[in-house]
Amino acid sequence: MLHPNPFTLSQTLSCFVFVHLQTVFRQIAQEIGALVYSEANLLEEGFASEAIAANLGASKFMLVASASFSALLLSETLNKVVPPTVNHDPPNFQVHLTFEPEAIALFLAQISLLVQPKTILWQGLQQSLTIIQPNNSRIQSEFTLKLLGIFAVESSAKSSCVHADGQLGGYHKLEALTPQELSPESTRMALLQQLEQMRISQAQLYTELQQQKQTLEQQVAERTQALQDMVLAAQSANRAKSGFLASISHEFRTPLTCIIGMSATLQRWSTEVLSDRQQNFLQVIHDSGEHLLSMINDILDLSQAEAGKAVLNPKTFLLSRLAQETLSAMSQQADAAKVDLSLDLQIDPQGDRFIADSRRVRQILVNLLGNAIKFTPQGGKIILRVSSQKNLAIFQVEDTGIGIPALHIPSLFQKFQQLDIGYHRQYGGTGLGLALTKQLVDLHDGVIEVVSTEGVGTTFTVSIPMQRLMQPKSLSTTDDLVLPPAQGRVLLIEHHEETANLICDVLTAAGYQLVWILEGSTAVHQIEAFQPLAVIANTQMPDIDGDRLIRLLRQNPTTQHLKIIVLIPETAIDSFREREFCADEYLPQPVRPDHLLQKLMHLTITRE
């Protein structure tokens with residue numbers, strides 16, 4: 001039933017006026033393309049008149065429904081119609097008229113409950129329920145004027161009284177009724193006043209809705225602008241954070257590289273001089289420096305990946321060899337943790353050759369294996385399983401560790417996340433390993449998945465698609481080429497004393513003679529005089545541009561065949577790869593002693 005007193009108009013009307021009301025309803029519906037419902041729709045569905053009256057509270061109704069105008073007319077016959085052969089008074093109707101959206105929607109819902117679902121009538125009713133809203137003031141005014149025209153008739157009229165029966169939204173059958181005089185003048189005036197008040201109320205409501213709409217649109221625009229400003233501020237802050245991390249990481253790496261390099265040099269020089277305890281101290285210094293450098297590299301790599309600055313360097317490599325080298329590198333850590341580390345290769349010889357960024361793939365495996373070793377108790381087992389499909393490499397790291405609770409898995413790849421504080425205290429770490437791993441997998445357009453059972457173990461599965469080979473194959477087919485040191489003279493052009501001292505100590509310990517030049521502008525003449533095996537040059541000398549220095553060496557017949565290694569900042573690697581630098585190799589700064597020796601040994605042994 002309708003909520004109490006929802007009606008705009010409730011009056012006893014003659015047959016003549018009631019028929020005109022129905023006519024106006026049909027006209028307005030036809031003009032605006034609205035849907036029309038009446039008791040005829042329910043009669044066609046098999047409902048009896050008594051059932052309609054009992055369920056809807058009215059024996060006759062007419063409802064117009066559209067987005068721009070809706071109205072509901074309910075009526076009850078006050079005196080029954082007698083056979084037309086007998087003289088009688090025409091019937092009067094108790095009529096209720098409303099334009100309230102809530103009342104109309106409620107009446108539509110009541111009808112929907114009566115009809116069978118999924119029928120045409122039911123679907124029309126459901127559609128109408130979604131579009132009911134306050135009436136358009138222009139259409140409401142036009143409808144009100146038509147009502148005023150009906151009630152402004154000054155004399156009684158006699159006509160054939162008709163009632164509407166028919167189908168949804170169409171034309172209707174007519175049934176003969178007898179004429180009746182109109183309501184008295186006082187009743188007509190009261191109706192006129194009521195309808196005028198209704199028209200004014202609808203106009204005011206429409207105006208308020210328009211004002212509310214404008215206010216809402218303004219608020220939405222202001223909120224959207226505020227959100228855009230917040231996004232820009234967040235992006236700016238993120239860029240500043242990435243720049244700070246890159247800068248501070250570089251500043252940390254330089255002294256750490258010196259610590260690592262000089263401790264390694266001391267270990268080579270002082271094997272017979274220092275005691276075992278002193279040698280252990282040097283080893284602890286070296287290992288601690290390597291650990292700190294690894295964490296700083298993780299932070300820098302993660303910040304570059306988030307900023308979209310990380311670029312793949314794809315090349316061809318063997319999956320089996322990369323897996324074996326990675327397992328060999330992690331074996332010492334596994335032995336120290338008393339964990340069994342094994343390799344399961346499921347690769348056909350035809351599918352062994354693969355194209356991806358081997359350095360970053362190795363980093364993915366190192367992170368996953370290191371994580372597995374950390375969280376696997378003594379006596380546990382870890383398996384690195386490698387397989388390949390067409391243009392796809394699949395790596396699985398399976399352990400018998402403590403497992404991961406299901407509620408922690410969704411946050412597993414977020415930055416600075418570990419299982420909980422207790423784990424953090426027991427196992428340590430920054431919580432960056434898996435976050436960086438996810439970034440590196442995404443960089444390859446790959447997928448990483450995890451399956452874990454608490455107390456049983458965890459399996460990480462990484463799928464990496466074949467990458468496109470973007471640049472010619474390097475002279476070196478592996479990153480860890482080990483060659484015997486060669487005797488000879490190397491010329492270093494470097495204006496930073498700390499870096500120069502480190503390189504001097506490393507190369508001297510490896511058996512090379514080193515000549516250190518501070519000024520790049522005089523380097524060409526000295527290189528002509530010394531005729532070194534190779535030249536190591538900083539590309540950011542204060543007195544000469546690195547590009548110009550290398551061009552001078554390549555244009556000089558005496559030095560054009562020299563092997564040249566350039567030192568470039570870590571942050572400039574991507575831009576360096578895009579340029580034609582005419583150098584044989586490059587090294588990112590801070591310089592890693594093992595990388596320096598590897599590249600230098602390869603160049604000097606393969607030189608012409």
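None of the values given here were measured: they were computed from a predicted structure.
With contacts defined as side-chain heavy-atom distances shorter than 4.5 Å, the pair Q219/R223 does not qualify. I402 is not listed as a side-chain neighbour of E454, based on a closest heavy-atom distance of 4.5 Å or more. Taking 4.5 Å as the limit, some side-chain heavy atom of I565 sits within range of a side-chain heavy atom of L600. No side-chain heavy atom of V397 sits under 4.5 Å from any side-chain heavy atom of T461. Here the side chains of L365 and L322 are in contact, with some heavy-atom distance below 4.5 Å.
Shown here are the side chain to side chain contact (heavy atoms under 4.5 Å, CB included) partners of A393, two or more places apart in sequence or in another chain: L319, F354, F395. Applying the side chain to side chain contact (heavy atoms under 4.5 Å, CB included) test to T558 and every residue at least two apart in sequence or in another chain returns E528, Q531, N556. In this structure, the side chain to side chain contact (heavy atoms under 4.5 Å, CB included) partners of V220, at least two apart in sequence or on a different chain, are L216, T224. In this view, Q526 and T522 satisfy the side chain to side chain donor-acceptor pair (under 3.5 Å) rule, not counting sequence neighbours. For V441, the side chain to side chain contact (heavy atoms under 4.5 Å, CB included) partners are I364, T437, I448, V462, not counting sequence neighbours.
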When you look at D229 and Q225, which way does the side chain to side chain donor-acceptor pair (under 3.5 Å) test go after all the steps? CA-CA 6 Å; D229 293 341; Q225 184 61 47; 3.0 Å; yes
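Between Q123 and Q127, the side chains place no donor N or O within less than 3.5 Å of an acceptor N or O (distance only, hydrogens not considered).
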Run the side-chain donor-acceptor check on residues 338-345: report pairs under 3.5 Å with partners two or more places apart or on a different chain.
{"from": "D344", "atom 1": "OD2", "to": "Q346", "atom 2": "NE2", "distance (Å)": "2.9"}
{"from": "D344", "atom 1": "OD2", "to": "R385", "atom 2": "NE", "distance (Å)": "3.0"}

